[in-house]
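Along the sequence shown, residues carry numbers from 1. The basis for the numbers below is simple: all heavy atoms, side chains too, and nothing from hydrogens, waters or symmetry mates.
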Amino acid sequence: MDNVKVLVTGGTGYIGSHTVVELQNAGFEVIIVDNLSNSTIESIARIEHITGIKPHFENIDCVDYVAMDDMFSKYEGIKAIIHFAASKAVGESVEKPIMYYRNNVNGLMNILDLMPIHGIRNIVFSSSCTVYGQPDVLPVTEDAPIKPATSPYGNTKQICEEIIRDVIHSGAEMNSILLRYFNPIGAHPSAEIGELPVGIPSNLVPFITQTAIGLREKLSVFGDDYNTSDGSCIRDYINVVDLAKAHVLAVKRMLENKQDVALECFNIGTGKGTSVLELISAFKKVTGVDLPYQIVGRRSGDIEQVWADSTKANSVLGWKAESTIEETLLSAWRWEQKLRASLIEK
C-alpha cells in the first residue's frame, strides 16, 4: 500500500497516534486532522521518531465543515478515512451531553457529507463495546442486541453507527468497517507514545501509572459491590498496538475489495475479562511498585462486566490480540516513567 493516502481524524490522540505509526510502517501516506483538544502537537515528532516519517498534520476541528472541505481539496486522492476524533469520557459525557453530541455526531456527519464530494468511498469508524450495554450473554458477539446506552458517550457511538448504516442503506457508494473496541491500554514498546490524558484521566491505567509514579496520592476504585468474583467491574483490556494493527487490516480489507458486505463490524478485544482489582494486582506484580487505592462509590454510566468474543475478527479480518496483560501494563509503566523524566529535564 505504498503512498496510498489515508486520513486519520484524531490522529495525535492515544489510539490515533499508534494507528498512524502502524499505517506508516505498512507504507501508507498519512494525513492527520486533530484540534488538539485532548492531545498535544508533540505526538507528531514522536511518531516521526518511531517511523522516520513525519505525517501531514492539519489543526482542524471535524465540526468545522468549511475547514474540512478545504482540507479534502488540499490532499486530493485520499482513499480511506479512519475516524477517531470524538470526545470519549463516560463520566464527562454524563455531565456535558450537548458537547458530546455536537463533537461526536456532527463531526461524523460532516465527513460523510464530504466523502462523495471528494471521491472517497472507505471509512473505518472508531466504535465501542459500549453499544452492547450490559450484554445478556458473555462473551459478547457482534450479533448481540444493541442495548439502550448507559451514557451520552455510548449513545453517540450508537447514533454514529446508525447514521453510517442509514447512509449505506440509502445506496451511497460507500464502504465502512465499524471496529467496536473494548478497553485499550498500554503504550508503544519504544515508550515514545502512550496515553497522555489532558487534565484528570478518564481511563483506569493512566490513573494507575500516575499514582505509581507519585503524581496522585491514591487510586479510586469505583465500586466493589458488583456481581463479579471480587466485586469490581470487569473489562476486556486490549493492547493499544494490537488495536492499532486492526485498523490497518480494516483499511486494507476495504481497499482490496474483500468485504463481504458494504458495512461490517468487528469486536476488537482479547476475549478475556479482567477485573479492576485484578489489573491493579497485575500491575504491582510486573512493576514491583506498591499501589495505594481506595474503594469509592459506583460511577454513573459504568456497566458491570463485558468482554469480547473476537472470533469474527480473528477469522474474517485476520486479526488477533498478541500481547499479554503483563507486557501491556509494563509498556504503560515505561511510558509513564519516560514521560515524567522528559518533563523533569525540561
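Taking the charged nitrogens against the carboxylate oxygens, E161 and K157 have no contact shorter than 4.0 Å, which rules out a salt bridge. Salt-bridge annotation for D225 and R298: present, with a side-chain N of the basic residue lying under 4.0 Å from a carboxylate O of the acidic one.
Ring-plane geometry between H188 and H18 is classed as tilted, the angle between the planes lying from 30 to 60 degrees on a 0 to 90 degree scale.
The closest side-chain heavy-atom distance from L330 to E326 is not below 4.5 Å. Considering only heavy atoms from C-beta on, N122 stays 4.5 Å or farther from V251 through its side chain. Side-chain atoms of R180 and V131, non-hydrogen and from C-beta on, do get closer than 4.5 Å to each other. Side-chain contact between K258 and R253 is present, with at least one heavy-atom pair separated by less than 4.5 Å. Between E58 and I32 there is no side-chain heavy-atom pair separated by less than 4.5 Å. In this structure, the side chains of Q134 and Q305 come closer than 4.5 Å at one or more pairs of heavy atoms. A 4.5 Å side-chain heavy-atom check between R235 and I303 finds at least one atom pair inside the cut-off. In this structure, the side chains of Y293 and S220 stay at 4.5 Å or more apart for every pair of heavy atoms.
In the hydrophobic clustering of this structure, I41 does not group with V33; members are Ile, Leu, Val, Met, Phe, Trp, Tyr whose side-chain heavy atoms approach within less than 4.5 Å, directly or through other members. Neither I177 nor L263 shares a network with the other; the hydrophobic side chains, linked directly or stepwise wherever heavy atoms of I, L, V, M, F, W or Y lie under 4.5 Å apart, form separate groups for each. L179 and V261 fall into different hydrophobic clusters, where Ile, Leu, Val, Met, Phe, Trp and Tyr residues are linked whenever their side-chain heavy atoms come under 4.5 Å apart, directly or through other members. Tracing side-chain contacts under 4.5 Å through hydrophobic residues (I, L, V, M, F, W, Y), one never reaches I44 starting from I31; they form parts of separate clusters. I47 and I53 are assigned to two separate hydrophobic clusters, defined by single-linkage of ILVMFWY side chains at heavy-atom distances under 4.5 Å.
In this structure, F125 has its ring center at least 6.0 angstrom away from the ring center of H247. Taking the six-membered ring for Trp, F182 and W307 have ring centres at least 6.0 Å apart.
In this model, no donor atom of one side chain and acceptor atom of the other lie less than 3.5 Å apart for D236 and Y181. The closest side-chain donor-acceptor pair between N155 and Y100, if any, does not fall under 3.5 angstrom. Residues E29 and H56 have side chains that bring a donor and an acceptor to within less than 3.5 angstrom of each other. Looking at N203 and E195, their side chains do bring a donor and an acceptor atom within 3.5 Å of each other. There is no side-chain donor-acceptor pair under 3.5 Å between Y153 and E92. In summary, the side chains of S232 and D230 do present a donor paired with an acceptor at a separation below 3.5 Å, with no hydrogens or angles considered. Donor-acceptor pairing under 3.5 Å is lacking for the side chains of N267 and S310. Residues S43 and T12 have side chains that never bring a donor and an acceptor to within less than 3.5 angstrom of each other.
Rounding to the nearest 0.5 angstrom, the gap separating the CG atom in N110 from the CD1 atom in I60 is 11.5 Å. C62 SG to I81 CD1: the interatomic distance, rounded to the nearest 0.5 Å, is 9.0 Å. Rounding to the nearest 0.5 Å gives a distance of 8.0 Å between NZ of K320 and CD of E322. Note that the CD1 atom of I123 and the CG atom of L178 stand 9.5 Å from one another [nearest 0.5 Å]. In this structure, CD1 in I111 is found 11.5 Å from CD1 in I163, a value given to the nearest 0.5 Å. One finds the NE2 atom of H118 at 6.5 Å from the CZ atom of F72 (value rounded to the nearest 0.5 Å).
Around NZ of K147, the count of heavy atoms belonging to other residues, nucleotides or ligands within 6.0 Å exceeds 12. Heavy atoms from other residues, nucleotides or ligands lying under 6.0 Å from CD of E173 number 12 at most. Heavy-atom neighbours of R102 CZ from other residues, nucleotides or ligands within 6.0 Å: at or below the threshold of 12. Within a 6.0 Å sphere centred on NZ of K96, other residues, nucleotides and ligands contribute 12 heavy atoms or fewer. I98 CD1: 12 or fewer foreign heavy atoms inside a 6.0 Å radius.
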Verdict with reasoning, V221 to V296, per side-chain contact (heavy atoms from CB on, under 4.5 Å): CA-CA 6 Å; V221 175; V296 298; over 6 Å; no
Can you check side-chain contact (heavy atoms from CB on, under 4.5 Å) on V167 and M174, steps first, answer last? CA-CA 8 Å; V167 169; M174 189 180 92; 4.1 Å; yes
Could you walk me through whether L255 and K79 satisfy the side-chain contact (heavy atoms from CB on, under 4.5 Å) test, starting with their C-alpha distance in whole Å, then the side-chain angles of each, then the deciding distance to 0.1 Å, before giving a yes or no? CA-CA 8 Å; L255 295 180; K79 296 299 182 185; 3.9 Å; yes
Would E336 and Q210 count as a side-chain contact (heavy atoms from CB on, under 4.5 Å) here? Give the steps. CA-CA 7 Å; E336 185 73 53; Q210 288 184 11; 3.7 Å; yes
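The cationic group of K312 lies under 6.0 Å from the six-membered ring centre of F266 and within 45° of the ring axis, placing it in a cation-pi geometry.
For the pair N314 (side chain) and W319 (backbone), a donor-acceptor distance under 3.5 Å is present. A side-chain donor-acceptor contact under 3.5 Å links D64 to the backbone of A67. A distance-only check finds no donor-acceptor pair linking the side chain of T328 to the backbone of N239 [under 3.5 Å].
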